[in-house]
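One-based numbering along the sequence shown. These numbers come from the heavy atoms of this one structure, side chains and all, not from hydrogens, waters or symmetry mates.
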Amino acid sequence: MKGVILDGYTLNPGDLDWTELERLCDLTVYDRTAYSEKGVDLIIERVGDAEIVFTNKTPLPAKVFIGAPNIRFVGVLATGYNVVDIDAAREKNVVVTNIPTYGTAAVAQMAIALLLEVCHHVGAHDSAVKNGAWASGDDWCFWNYPLIELAEKTMGIVGFGRIGRQTAKVADALGMDVIAFDQYRGDHFNASVAQFAELDDLFARSDVISLHVPLSNATSGMINARSIAKMKRGAILINTSRGQLIVEEELAEALNSGRIGGAALDVVSTEPIREANPLLTAKNCILTPHIAWAPKESRQRLLDAAVENLSHFLSGAPVNVVNERI
């Protein structure tokens with residue numbers, strides 16, 4: 001069987017090995033495949049007569065399934081699969097799989113790293129020292145930003161799945177009181193360091209709010225002027241989930257006014273970020289380029305899971321299928 005990876009560089013910039021996938025199919029790897037809303041000709045050309053297609057962020061709209069009718073399997077190299085027209089794939093009897101669990105530790109670690117950066121501004125102080133501010137200063141130490149101690153402050157976690165629960169463990173280890181909201185209040189709260197809180201209560205009580213929910217109609221734009229008004233003045237917002245959870249203009253206004261004390265965001269609504277994004281110039285806002293998932297160990301787990309997904313499909317027992325017929 002012929003297989004193609006449309007945008008392999010994101011997952012594997014050269015530090016991983018495609019060998020296991022190559023053993024399962026006749027594989028062609030493209031580092032990047034450009035997409036234009038006006039046409040999908042390049043995608044169709046590169047898929048060609050392949051039966052197996054892997055994509056991370058290269059879209060597969062309905063036109064691709066029409067123009068490349070040999071496709072039997074799509075492996076999304078990520079958890080989110082909105083880049084694929086699921087209905088079109090189902091109509092063409094194409095199996096679509098994703099990678100549901102691979103980055104729990106990495107994303108939780110990044111959420112805490114972002115929080116610690118807000119509290120200590122390590123990068124900014126490192127730059128200040130190397131630019132001579134310490135050597136030329138009058139005092140034996142200095143700080144350019146308020147420094148924040150987290151012990152006994154309240155961490156509110158919105159979304160209490162695997163990543164939310166792992167983030168709660170680390171926050172608890174830092175001496176924080178942890179509360180959490182999840183629309184599915186399951187038994188996992190009973191064995192957790194977090195106490196359940198309704199969402200409005202969480203907003204009102206939390207010194208730090210960390211977002212760990214998937215993007216859906218219910219969660220899109222959930223951080224907006226109305227929800228911000230319910231938060232403590234000076235609260236810190238962390239987002240390692242999806243940028244579309246936040247109404248960015250309204251968060252920027254809250255940061256600039258001091259209503260929100262700081263934000264650290266690994267994701268934005270449109271990626272790569274647009275030059276006009278208001279968060280680029282907002283006060284006390286740290287932005288990183290969607291890297292929470294990207295430690296090598298995490299990416300290796302993702303690749304191993306992709307191999308398993310394809311292997312199960314080829315054996316006739318597919319797993320992690322996101323477009324099964326009901």
Side-chain angles (χ1 to χ4, degrees), residues 80 107-108 110-112 114-116 118-119 148-172 174-269 278-279 282-286 292:
V107 178
M110 183 65 174
I112 298 299
L114 289 170
L115 175 57
L116 293 175
V118 173
C119 292
I148 301 169
E149 183 178 282
L150 292 171
E152 299 186 7
K153 288 186 170 58
T154 298
M155 163 74 93
I157 295 176
V158 183
F160 209 55
R162 294 181 183 90
I163 296 171
R165 296 197 294 274
Q166 182 65 24
T167 304
K169 292 178 183 178
V170 184
D172 176 68
L174 291 172
M176 302 187 76
D177 297 321
V178 186
I179 58 176
F181 168 79
D182 195 283
Q183 61 177 335
Y184 304 108
R185 185 176 175 178
D187 292 339
H188 48 266
F189 274 98
N190 297 332
S192 169
V193 298
Q195 297 297 313
F196 178 84
E198 296 293 349
L199 188 58
D200 285 353
D201 184 41
L202 182 148
F203 287 152
R205 292 168 54 193
S206 298
D207 299 292
V208 179
I209 297 168
S210 190
L211 304 181
H212 299 284
V213 292
L215 180 63
S216 68
N217 290 336
T219 61
S220 179
M222 68 182 301
I223 303 301
N224 53 47
R226 294 185 303 279
S227 57
I228 289 170
K230 299 172 184 177
M231 299 176 190
K232 283 186 177 181
R233 185 171 185 85
I236 297 168
L237 178 68
I238 308 295
N239 188 12
T240 53
S241 188
R242 290 291 182 266
Q244 297 93 331
L245 302 178
I246 296 172
V247 180
E248 291 170 336
E249 296 82 359
E250 295 175 7
L251 174 59
E253 290 175 6
L255 286 164
N256 291 331
S257 70
R259 185 68 182 76
I260 293 293
L265 316 171
D266 187 49
V267 288
V268 292
S269 60
L279 295 171
K283 294 179 181 178
N284 300 320
C285 186
I286 294 167

**Asked** So, the side chain of Ser241 versus the backbone of Val213: is there a donor-acceptor pair under 3.5 Å, distance only?
**Response** yes
**Asked** Quick one: does Lys232's side chain have a donor or acceptor within less than 3.5 Å of a partner on Arg205's backbone?
**Response** yes
**Fill in**
So CD1 of Ile163 and OG of Ser210: to nearest 0.5 Å the spacing works out to 10.0 Å
**Message:** Nearest 0.5 angstrom please: Ile148 CD1 to Asp207 CG, how far?
**Reply:** 9.5 Å
**Message:** In terms of relative ring orientation, are Phe196 and Phe189 parallel, tilted or perpendicular, with 30° and 60° separating the classes?
**Reply:** perpendicular
**Message:** Let me confirm one number: the CD1-CG distance from Ile286 to Leu279, rounded to the nearest 0.5 Å.
**Reply:** 12.5 Å
**Item:** From CZ (Arg165) to CZ (Phe160), nearest 0.5 Å
**Value:** 6.5 Å
**Residue pair Ala194 / Ala180: nearest heavy atoms and the distance that separates them** = CB-CB, 4.0 Å
**Asked** Are side-chain heavy atoms of Leu202 and Ile157 found at a separation under 4.5 Å?
**Response** no
**Prompt:** Given the rule in the side chain to side chain contact (heavy atoms under 4.5 Å, CB included) test, do Leu114 and Asn239 qualify, once you have shown the distances and angles that lead to the verdict?
**Reply:** CA-CA 9 Å; Leu114 289 170; Asn239 188 12; over 6 Å; no
**Fill in**
Residues Leu150 and Cys119: closest non-hydrogen pair is CD2-SG, 3.6 Å
**Sidechain-backbone polar pair: Asp177 side chain, Thr154 backbone, donor-acceptor under 3.5 Å** = no
**Minimal non-hydrogen separation, Val178 against Ala171, with atom names** = CG2-CB, 4.0 Å
**Request:** Flag the pair Val107 / Asp266 as yes when at least one side-chain heavy-atom distance between them is below 4.5 Å, and no otherwise.
**Result:** no
**Prompt:** Would you find a donor on one side and an acceptor on the other, under 3.5 Å apart, between the side chain of Arg242 and the backbone of Ser216?
**Reply:** no
**Request:** State, yes or no, whether a side-chain contact exists between Ser227 and Met222 at a heavy-atom distance under 4.5 Å.
**Result:** no
**Asked** How far apart are the C-alpha atoms of Ile246 and Leu265, what are their side-chain angles, what is the distance that settles it, and do they pass the side chain to side chain contact (heavy atoms under 4.5 Å, CB included) test?
**Response** CA-CA 10 Å; Ile246 296 172; Leu265 316 171; 4.0 Å; yes
**Fill in**
Between the CD1 atom in Ile209 and the CG atom in Leu115, the distance rounded to the nearest 0.5 Å is 12.0 Å
**Asked** Hey, is the main chain of Phe203 close enough, under 3.5 Å, to the side chain of Ser206 for a donor-acceptor pair?
**Response** no
**Prompt:** Closest heavy-atom contact between Arg259 and Lys230?
**Reply:** NH2-N, 4.4 Å
**Request:** Indicate yes or no: at least one non-hydrogen side-chain atom of Val158 is less than 4.5 angstrom from one of Leu245.
**Result:** no
**Item:** Residue pair Glu198 / Phe181, side-chain heavy-atom distance below 4.5 Å
**Value:** yes
**Asked** Side chains of Ile223 and Met231: does their closest heavy-atom pair fall under 4.5 Å?
**Response** yes
**Request:** For residues Ile112 and Thr167, determine if any side-chain heavy atom of one lies less than 4.5 Å from a side-chain heavy atom of the other.
**Result:** yes
**Complete:** Nearest heavy-atom contact between Glu149 and Lys153 is O-NZ, 2.8 Å
**Message:** Within the structure provided, determine whether Gln183 and Thr219 are in side-chain contact (heavy-atom separation under 4.5 Å).
**Reply:** no
**Prompt:** When you look at Met155 and Leu174, which way does the side chain to side chain contact (heavy atoms under 4.5 Å, CB included) test go after all the steps?
**Reply:** CA-CA 10 Å; Met155 163 74 93; Leu174 291 172; over 6 Å; no
**Asked** CD1 of Ile238 to CE of Met110: how many Å apart, nearest 0.5 Å?
**Response** 9.5 Å
**Prompt:** For Lys169 and Val193, which heavy atoms make the closest approach, and how far apart are they?
**Reply:** N-CG2, 4.1 Å
**Item:** Check: Asn256 side chain, Lys283 main-chain N or O, donor-acceptor pair, under 3.5 Å
**Value:** yes
**Message:** So does Leu215 get a backbone contact from the side chain of Gln244, meaning a donor-acceptor N/O pair under 3.5 Å?
**Reply:** no
**Asked** Just wondering, more than 12 heavy atoms not from Arg162 lying within 6.0 Å of its CZ?
**Response** no
